[in-house]
There are 2 protein chains.
Amino acid sequence: MQFQNNKLARKLNNEKDYSTEQKIKEAARTLFTQKGFAETKTREIAEKSGINLALMNYYFRSKQKLYDIIMEENMASFKQGISDLFGRTDLDAYQKIERLANYYIDEFIAHRDLPMFIVSTIYSSTEMDFVNNEQDMISKSRKVFVNQIKDLIAQKKIKPIHPAHVISNLIGLIIFPFMIGPLLKKRAQINEKEFVELMMERRQLIPVWIKSMLEK
Amino acid sequence: MQFQNNKLARKLNNEKDYSTEQKIKEAARTLFTQKGFAETKTREIAEKSGINLALMNYYFRSKQKLYDIIMEENMASFKQGISDLFGRTDLDAYQKIERLANYYIDEFIAHRDLPMFIVSTIYSSTEMDFVNNEQDMISKSRKVFVNQIKDLIAQKKIKPIHPAHVISNLIGLIIFPFMIGPLLKKRAQINEKEFVELMMERRQLIPVWIKSMLEK
DNA sequence: TAATGATTTAAACAAATGATTAAAAAAAAT
DNA sequence: ATTTTTTTTAATCATTTGTTTAAATCATTA
């Protein structure tokens, strides 16, 4: 890839690199997350990013490679967030829940189609990287959190409950409203501004809800 | 469609009508719900239902029409369920929550890919029939339920809360675990049997959780 | 300025895919 | 038994779509 020299040069010269490469990726990210892999056509990506069809392949070799890169980036930030937080030992379970709600609700307000993308990726992952890998970071940090829950149960501070319920409920309460956003807007007559306000409200509410679910 | 006479005859003769038409629809339903419209190929449907490619078009005119029919059926049962229940005036809000959890968890255990299908349909619906239609059944019955919530708030029996939260939480708690089923199974080392047990547990738990979220 | 390398384009190719056709086989009706 | 209708098939068509090629333009450097 000879062009990298040039790219590197630009980077070093600190030019704002809103390059063609970036434009393609941005357009592709939007389309892929909105419509999935198969439904997104290469010509669509080209049109949306205002470039020629062949350029996409010049930069990314193929549609599949482009998709992989984007998905990898999307997932990386998502995974990192959870992993970093859940793995910490200086925070108790409630503090983690609180931070998780805050972090991801902000994240999802900013990137509105991430939720659907993440969930459908998880859903359709059979042998996928995201779910595999026994000894990866996220598995380890997950265990730290689960043990904190188990401890609370052992200390009779909360009701006995399968940790899978806690995690399902927590992630579900955070992510699900974004997935039925269109429905809320039409059905419940909520406009964009109100929707964001409701989501901001949830940053506070979710920890409280989880708490009242867990405690006796 | 001349074959309808024949079909009708069979129906009247009470023959079990596991016809080609049905086989195509079943195969298509599975594929469409699992992989979406674009990713499902007509030849795949044909192969899975053990019929010739041309038959699909003979019965359903086009892939799109077949998809529409299946989606319509999927949605109809989903909508009907909510509509019937929420609209009732002889049940209070809590009773409705209880029945909703029971009804749909059973439904989703039986049809495992319905949740993802429903949610992605809602998500990608802009001008869609599902969300449109001001004076339809589901809108009316939704209002009955929302008013019951508002009444409880007015009577100070529950904390003030936006009804959209209640509905998001309720539907989310029911439907979301099915969407991250694959994740739970791999991550939390839960096998199929345990997964179903957990979901059955939720039939009881969700109403309790909602209650403890709402009450002061 | 000339030359070299990077970027972009228009055009074309090949495979995949949705749909159709014409004819054969099976079933039903006469 | 014969005819008609329904069902099924193999082959083919036409379009879409991912990818490649070869050439043109632009930028950088010697």
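By convention in this document, chain letters (A, B, ...) are assigned in the order of the sequence lines, proteins followed by strands, and residues within each chain are numbered from 1. It should be emphasised that the depicted structure is a prediction, and the values quoted were computed from it without experimental measurement.
Map A/R43 and A/G50 each onto its nearest nucleotide of DNA chain C; the residue landing nearer the 5' end is A/G50. Of the two residues contacting DNA chain D, namely A/A54 and B/N52, the nearest-nucleotide position lying further toward the 5' end is that of B/N52.
The interatomic distance linking A/L31 (CG) with D/dT17 (C1') rounds to 15 Å, in whole Å. Summarising the geometry, the separation between CZ on B/F60 and P on D/dT7 is reported as 12 Å, rounded to the nearest angstrom. Atom pair A/I24:CD1 and C/dT8:C1' shows a separation of 10 Å (rounding to whole Å applied). The distance between atom CZ of A/R61 and atom C1' of D/dT20, rounded to the nearest whole Å, is 10 Å. Straight-line distance from the CD atom of A/Q64 to the C1' atom of C/dA16: 16 Å, rounded to whole Å. One interatomic measurement links the two molecules: CD of B/E47 to P of C/dG18, which rounds to 14 Å at whole-angstrom precision. One interatomic measurement links the two molecules: CG of A/L55 to P of C/dA10, which rounds to 10 Å at whole-angstrom precision. The interatomic distance linking A/N57 (CG) with C/dA15 (P) rounds to 16 Å, in whole Å.
Judged purely by distance below 3.5 Å, without hydrogens or angles, the side chains of B/R202 and A/N169 pair a donor atom with an acceptor atom. Between the side chains of A/N102 and A/E98, not a single donor N or O lies within less than 3.5 Å of an accepting N or O. Donor-acceptor pairing under 3.5 Å is lacking for the side chains of B/E201 and A/H162.
For the OP1/OP2 pair of C/dT8 and a distance below 4.0 Å, the side-chain nitrogens and oxygens of A/T20 include at least one atom meeting the criterion.
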Practice prompt. Using the salt bridge (charged side-chain N to carboxylate O under 4.0 Å, His left out) rule, take A/E194 and A/K185 through it: C-alpha gap first, then chi angles, then the decisive distance, then the call.
Written response: CA-CA 9 Å; A/E194 289 166 329; A/K185 283 177 193 164; over 6 Å; no
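For the pair B/K96 and B/F145, the cation-pi criterion (under 6.0 Å, within 45° of the ring axis) is not fulfilled.
The side chain of B/K41 sits closest to C/dT17 out of C/dT17, D/dT8, D/dT19. Distances were taken from every side-chain heavy atom of B/Y58 (C-beta onward) to each of D/dT19, C/dG18, D/dT8; the shortest belongs to D/dT8. Comparing D/dT8, D/dT19, C/dA19 by their nearest atom to the side chain of A/T42 picks out D/dT19.
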